[in-house]
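Reviewing the structure listed below.
Keep in mind that this is a model prediction, so the values were computed, not measured.
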Amino acid sequence: MADPKGFLNHGREVAQTRPVGERVQDWNEVYVPGSLLPIISKQASRCMDCGIPFCHQGCPLGNLIPEWNDFAYREDWSAASERLHATNNFPEFTGRLCPAPCESACVLGINQPAVTIKNVEVSIIDKAWDTGDVLHQAPDRLSGKTVAVIGSGPAGLAAAQQLTRAGHTVAVYERADRIGGLLRYGIPEFKMEKRHINRRIEQMRAEGTKFRTGVEIGRDIDAKKLRKRYDAVVIAAGATTSRDLPVPGRELKGVYQAMEYLPLANKVQEGDYVTTPVSAEGKHVVVIGGGDTGADCVGTAHRQGAASVTQLEIMPRPGEERNANQPWPTFPMLYKVTSAHEEGGERVYAVSTTHFEGDEDGNVQFLHLTEVEFIEGKLTPKPGTERKIPAQLVTLAMGFTGTDRENGLVDQFSLDLDERGNVARDAEFQTNVPGVFVAGDAGRGQSLIVWAIAEGRSAAKGVDRFLTGASDLPSPIRPTDRSLMV
């Protein structure tokens, strides 16, 4: 452990953010560069000798959190980086993007603010990159086996890196023009600058992984032909079918899915556009959906100069403390203020959109809504609460319903689906088609980045065993494992 009295001597301090007026003028990450390192040793010392570290159960990766907290406290950054990478291929991604179920399960969090696990994690990995402790791990010899990975999000990249290091020849196919999946085009730059993805891609290239961008399996290459070309295939295509809102006026111009809106802003940062084809500048923006993707839309609209931003959520506002039915160490539903919410805008809870109203040119101008309440377990409109709000740009951020069926991948492989519309798999992450495996949201459904990486690592073990008859690769989760929730 670290300091036996650390949690008694030091309170919780988190990463310092830049002033709102400054950060909304650019697309850089919201945190003050270098602000964590002076405080992180004390923060790591708050990790207790808790006997059973429930943070392990909170994280599907099985991160060795008390161990790297101890090394960070002692400022042994090389050892801390080694412990961090023992369970996680991309800690700079999770340290920036994960909602930290490990902190919800922290033993200290029973009656005090939890250890700042995410902040310690990102400090370790950023220090490791600065000091050269992130090394290429090319295999000693090649197996002669080939693997295709479909999709380059966190699940696909984790599976590819694990299989490359096991000695297989791996090619990653990505339908977009750049590698990274939703990490690249779904996560705004102010949450994670894309340089973090780029240097991991260079590491993977140095280790031997091949990348094929602008190739969509199912459309550009027939899935069955791909299967014949490779000894095994990993489907990590995500759950990219967005949930729609079938109400009158949905067809009006100015109503977009979040994943139509956010990637364009990211493409501006990549240099593909001078200005985005869909901008919030000077417009009244409404974001439908109260989750992280909705918050990403809010922060993006602020930076584009929106006249106003309103975020709608159909569920009631969560509390700021755990509910009795969400006890420690489960992951609670709490009222969360992200950096985007700090920047302004209004959040409206317990409302449902009834229809959109447009002008004579077919552009959306207003959104009509009504308040809702639970009656006999069902959300029901409250009479007399109907109203309309200005809406010249609307983004739908209501989650995803499953993997893409329109590109032909599922049908060409003749894949079985489970009752939720995800690609079905067995205990080895293998589908009903021998040699074809599935990892990440395509098999699990929409989930967290830590689950995606854990799935990629676990599926890699199944593939390695299929190709060689045995495997020493780690497998942190089973396909049926779920978050520590009630």
Side-chain angles (χ1 to χ4, degrees), residues 1-17 31-88 90-92 94-131 133-134 320-322 324 326-332 334 336 448 450 453-454 474 476 483-485:
M1 65 176 297
D3 182 354
K5 296 183 179 180
F7 68 98
L8 297 174
N9 295 333
H10 307 293
R12 178 181 167 104
E13 292 183 75
V14 297
Q16 181 182 350
T17 55
Y31 298 104
V32 175
S35 64
L36 271 177
L37 208 57
I39 66 170
I40 211 63
S41 179
K42 289 181 179 179
Q43 290 305 298
S45 78
R46 298 181 70 241
C47 187
M48 306 167 66
D49 184 12
C50 56
I52 299 177
F54 274 81
C55 53
H56 287 187
Q57 279 67 43
C59 179
L61 285 165
N63 282 334
L64 305 172
I65 295 166
E67 294 185 34
W68 41 258
N69 273 330
D70 181 52
F71 287 125
Y73 165 66
R74 302 176 193 284
E75 299 188 5
D76 187 345
W77 302 110
S78 180
S81 173
E82 186 278 327
R83 289 289 81 192
L84 197 56
H85 282 102
T87 56
N88 187 352
F90 314 117
E92 65 270 43
T94 55
R96 286 173 168 83
L97 304 176
C98 181
C102 54
E103 293 187 17
S104 298
C106 173
V107 172
L108 183 58
I110 294 175
N111 58 8
Q112 289 191 41
V115 175
T116 55
I117 297 172
K118 267 185 62 172
N119 282 183
V120 177
E121 177 182 31
V122 80
S123 298
I124 294 169
I125 184 56
D126 286 353
K127 183 74 172 179
W129 280 107
D130 290 342
T131 57
D133 282 329
V134 181
E320 298 186 17
E321 302 292 336
R322 287 181 182 269
Q326 294 176 334
W328 176 90
T330 61
F331 188 61
L334 300 175
K336 183 168 63 172
L448 304 179
V450 280
I453 296 173
S483 300
L484 191 63
M485 301 179 72

Q326 side chain vs L334 backbone, donor-acceptor pair below 3.5 Å: no
Neighbour count above 12 (heavy atom, 6.0 Å) for I52 CD1: no
Check: C98 main-chain N/O paired with K118 side-chain donor or acceptor under 3.5 Å: yes
A114 to R12 - nearest heavy-atom pair and separation: O-NH1, 2.7 Å
Where P113 and L108 come nearest, the two heavy atoms and their spacing: O-CD2, 3.6 Å
Rounded distance (nearest 0.5 Å) linking atom NZ of K127 with atom CH2 of W77: 7.0 Å
Within-4.5 Å side-chain heavy-atom neighbours: V134 and H85: yes
Nearest-0.5 Å distance, CG of residue D70 to OG of residue S45: 10.5 Å
Residues D133, S81; criterion side-chain hydrogen bond (donor to acceptor under 3.5 Å, both in side chains); working and verdict: CA-CA 7 Å; D133 282 329; S81 173; 5.6 Å; no
Within-4.5 Å side-chain heavy-atom neighbours: I453 and T94: yes
Side-chain donor/acceptor of W328 to backbone N/O of C106, under 3.5 Å: yes
Rounded distance [0.5 Å steps], CG in N63 versus NE2 in H56: 8.0 Å
Non-hydrogen atoms of A86 and L64 that approach each other most closely: CB-CD1, 4.4 Å
P53 side chain near I65 side chain, heavy-atom distance below 4.5 Å: no
For the student: nearest non-hydrogen atoms of W68 and A80, plus distance: CB-O, 3.8 Å
Y31, OH: over 12 other non-hydrogen atoms inside 6.0 angstrom: no
Side-chain touch C47/F7, heavy atoms, less than 4.5 angstrom: no
N119 side chain to A15 backbone, donor-acceptor under 3.5 Å: yes
V450 to L61 - nearest heavy-atom pair and separation: O-CG, 3.8 Å
K42 side, atom NZ; H10 side, atom NE2 - distance, nearest 0.5 Å: 5.5 Å
I117 vs C55 side-chain heavy atoms within contact, under 4.5 Å: yes
Interatomic spacing from OG in S104 to CZ in F54 - rounded to 0.5 Å: 14.0 Å
Exam field: side chain E13 to backbone I39, donor-acceptor pair closer than 3.5 Å: no
Straight-line distance of T330 OG1 to R322 CZ, nearest 0.5 Å: 5.0 Å
Validation row: S483, F331 side chains within 4.5 angstrom (heavy atoms): no
Backbone N/O of K5 and side chain of R46: donor-acceptor pair under 3.5 Å: no
Note: R96-E121 ion pair, threshold 4.0 Å (strictly below): no
